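If you read the sequence from its start, that first residue is 1, and numbering goes on from there. Worth knowing before you read on, the calculation uses all heavy atoms, side chains too, and leaves out hydrogens, waters and symmetry mates. Predicted model only: the values in this text are computed from it and were never measured.
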Amino acid sequence: MAEFNIVSMSGGKDSTATLLVARELEVPNLSGVFADTGHEHPATYDYVHYLAEATGVPIGWVKADFSRQIANKRKFVEIKWPEKGVPQAVVLAALDVLHPTGNPFLDLCLWKGRFPSSKVRFCTEELKRNPIIEQVFLPLMDGDSMVLSWQGVRADESLDRRYLPECDEVGGGLFNYRPILKWPVEAVFEAHRVAGIKPNPLYLQGCNRVGCMPCVMCAKDELREIASRWPEEVARVREWERLVSIASKRGSATFFTATNDPTVHSNDNISAATHGIDRMVDWANTSRGGRQFDMVDLIARTDSSRKCTSAYGLCE
Ligand code: SF4
């Protein structure tokens, strides 16, 4: 029976430590897989290349493709929107932007007509989990192979992760394995040091997590840091808000959920221009007395220990 050991890489410290453990154990057929969301900082892309070279472990890249879904949405917009009374100018504008760009994150949002949120978080599954399963795991699962999916998750990161088993069987010869589940964060950086592997440089530049830039679950201080260090990332999101708004029947799509702001009323005219990323950056630059958002969202965005904690370990 062939055995394949595949580490899901996010470009963050935990998946790197997991790769180092697997390499140390000299497991057979070891490789990494990195799902490119199209929404990572350039330093993370460079780091994944560096890791493959420095560790000698091949890291494959996968990307989600939403061309088919966007083509289906075009048909829907063309036929159904006019039937629902959507003005012709809105239909034509949507058709104008509804073309695959090749950027998975943007294409996913064009298809959905909205951005993911902490409550409707379809991004990890669509951009990371599904492409890895479809493009990497399934082709290896021939009924006679064992595939170990190595996941860099740690129990002390969240309640969701605290009760995960170290190993569980998915079925069809696929197993999840979480070798650093009980590790404290210090051990993660120690593993880098012992192996002579540099951590992702973003950790030295004010980021306490590595992943989408920014993540939809980004904390207030992270957003402030990102906006001041990398305004080009904010500019990219601003442009995405414009495009996704046009692809949305409501004519509005904001990267962070605008309706979580209690100063926004249901009959307010919400648009990306007035309630988009720039408004959130303004808020991120306020001190404690700044404009307040609802408590759930406020806690989410002011607590920098809060982050995307999917059980897959695909987002750090
Ligand atoms: S890092 Fe955040 S925005 Fe990116 S896929 Fe994960 S949860 Fe979604």
Side-chain angles (χ1 to χ4, degrees), residues 1-12 14-37 48 51-52 55 57-69 72 104-105 108 111-112 116 118-183 188 211-212 217 307-316:
M1 176 187 266
E3 178 184 323
F4 297 92
N5 290 277
I6 299 164
V7 184
S8 294
M9 305 299 302
S10 67
D14 293 332
S15 60
T16 299
T18 304
L19 184 78
L20 295 174
V21 171
R23 188 184 66 155
E24 189 64 24
L25 293 173
E26 297 182 3
V27 295
N29 297 316
L30 173 62
S31 62
V33 58
F34 172 70
D36 177 8
T37 62
V48 175
L51 270 184
T55 62
V57 178
I59 299 177
W61 290 42
V62 294
K63 252 184 174 187
D65 177 5
F66 301 104
S67 309
R68 184 179 47 80
Q69 290 90 334
N72 288 340
F105 200 108
L108 173 63
W111 163 39
K112 299 269 187 186
S118 53
K119 290 179 188 130
V120 191
R121 203 184 65 202
F122 47 80
C123 43
T124 314
E125 190 150 319
E126 295 282 359
L127 296 169
K128 299 187 174 188
R129 180 179 173 267
N130 292 352
I132 289 176
I133 290 179
E134 288 160 14
Q135 298 174 40
V136 179
F137 293 160
L138 285 178
L140 293 173
M141 292 163 64
D142 59 4
D144 197 31
S145 303
M146 185 166 88
V147 180
L148 263 80
S149 165
W150 292 60
Q151 301 171 354
V153 294
R154 293 183 303 104
D156 69 9
E157 288 177 299
S158 73
L159 265 183
D160 287 351
R161 292 181 174 179
R162 188 165 304 163
Y163 301 108
L164 284 172
E166 197 171 272
C167 186
D168 63 328
E169 185 173 1
V170 181
L174 177 63
F175 295 80
N176 294 322
Y177 183 41
R178 308 176 180 98
I180 67 163
L181 194 63
K182 299 286 156 55
W183 286 26
V188 169
C212 289
M217 299 181 66
K307 53 203 161 197
C308 166
T309 51
S310 82
Y312 312 118
L314 295 169
C315 301
E316 183 169 81

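- Across all their heavy atoms, Pro139 and Ile133 have their closest contact at CD-O, 4.2 Å.
- Looking only at side-chain heavy atoms (C-beta outward), Pro116 and Phe105 come within less than 4.5 Å of each other.
- The shortest side-chain heavy-atom distance between Val33 and Val62 falls under the 4.5 Å cut-off.
- Checked options Asp14, Thr18, Asp168; the residue passing with Arg178 is Asp168 (criterion: side-chain hydrogen bond (donor to acceptor under 3.5 Å, both in side chains)).
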I'd like to know whether Ile180 forms a side chain to side chain contact (heavy atoms under 4.5 Å, CB included) with Lys182, so could you lay out the CA-CA distance, the side-chain angles of the two residues, the decisive distance to 0.1 Å, and finally the verdict.
CA-CA 6 Å; Ile180 67 163; Lys182 299 286 156 55; over 6 Å; no
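- Rounding to the nearest 0.5 Å gives a distance of 7.0 Å between SG of Cys212 and CG of Leu127.
- Within the 4.5 Å cutoff, the side chain of Thr16 has heavy atoms near those of the Met9 side chain.
- Judged purely by atom type and a 3.5 angstrom limit, Asp142 uses its side chain to pair as donor or acceptor with the backbone of Ser145.
- Rounded to the nearest 0.5 Å, atoms CG (Leu25) and CZ (Arg23) are 11.5 Å apart.
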Full working for side chain to side chain contact (heavy atoms under 4.5 Å, CB included) between Cys167 and Asn176
CA-CA 5 Å; Cys167 186; Asn176 294 322; over 6 Å; no
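- The two residues Ala22 and Val7 make their nearest non-hydrogen contact at CB-CG2, 4.2 Å.
- The ring-ring contact (aromatic ring centres under 6.0 Å, His included) check on Tyr177 picks up Trp150, with sequence neighbours excluded.
- Partners of Trp183 under the ring-ring contact (aromatic ring centres under 6.0 Å, His included) rule, at least two apart in sequence or in another chain, do not exist in this structure.
- Of the inter-residue distances, the one linking Phe137 atom CZ with Leu148 atom CG reads 9.5 Å to the nearest 0.5 angstrom.
- Glu3 and Asn5 make their closest contact through OE2-ND2, 3.0 Å (heavy atoms, listed as atom of the first residue, atom of the second, distance).
- In this structure, the side chains of Glu126 and Lys112 come closer than 4.5 Å at one or more pairs of heavy atoms.
- Phe175 places none of its side-chain heavy atoms less than 4.5 Å from the side chain of Val147.
- A distance of 14.5 Å separates NZ of Lys128 from NZ of Lys63, quoted to the nearest 0.5 Å.
- Residues Leu140 and Ile6 have side chains in contact (heavy-atom distance under 4.5 Å, counting atoms from C-beta outward).
- Under a 3.5 Å cut-off, the side chain of Ser118 and the backbone N or O of Met217 do not form any donor-acceptor pair.
- The heavy-atom pair separating Leu30 from Pro58 by the smallest distance is O-CD, 3.8 Å.
- Residue pairs that meet the side chain to side chain donor-acceptor pair (under 3.5 Å) test with at least one member in residues 26-37, sequence neighbours left out, are Asp36-Tyr45, Thr37-Glu40.
- Here the OG-CZ distance, from Ser15 to Phe34, works out to 9.0 Å after rounding to the nearest 0.5 Å.
- Closest heavy-atom contact between Pro131 and Ala64: CG-CB, 3.8 Å.
- Side-chain atoms of Glu125 never come within 3.5 Å of backbone atoms of Asn130 as a donor-acceptor pair (strictly under, hydrogens ignored).
- A donor-acceptor contact shorter than 3.5 Å links the side chain of Glu157 to the backbone of Arg154.
- Expressed to the nearest 0.5 Å, how far CD of Glu134 lies from CZ of Arg129 amounts to 9.5 Å.
- Side-chain contact between Leu20 and Glu24 is absent, with no heavy-atom pair separated by less than 4.5 Å.
- Here the side chains of Phe4 and Leu174 are not in contact, with every heavy-atom distance at 4.5 Å or above.
- A donor-acceptor pair under 3.5 Å is formed between the side chain of Thr55 and the backbone N or O of Leu51.
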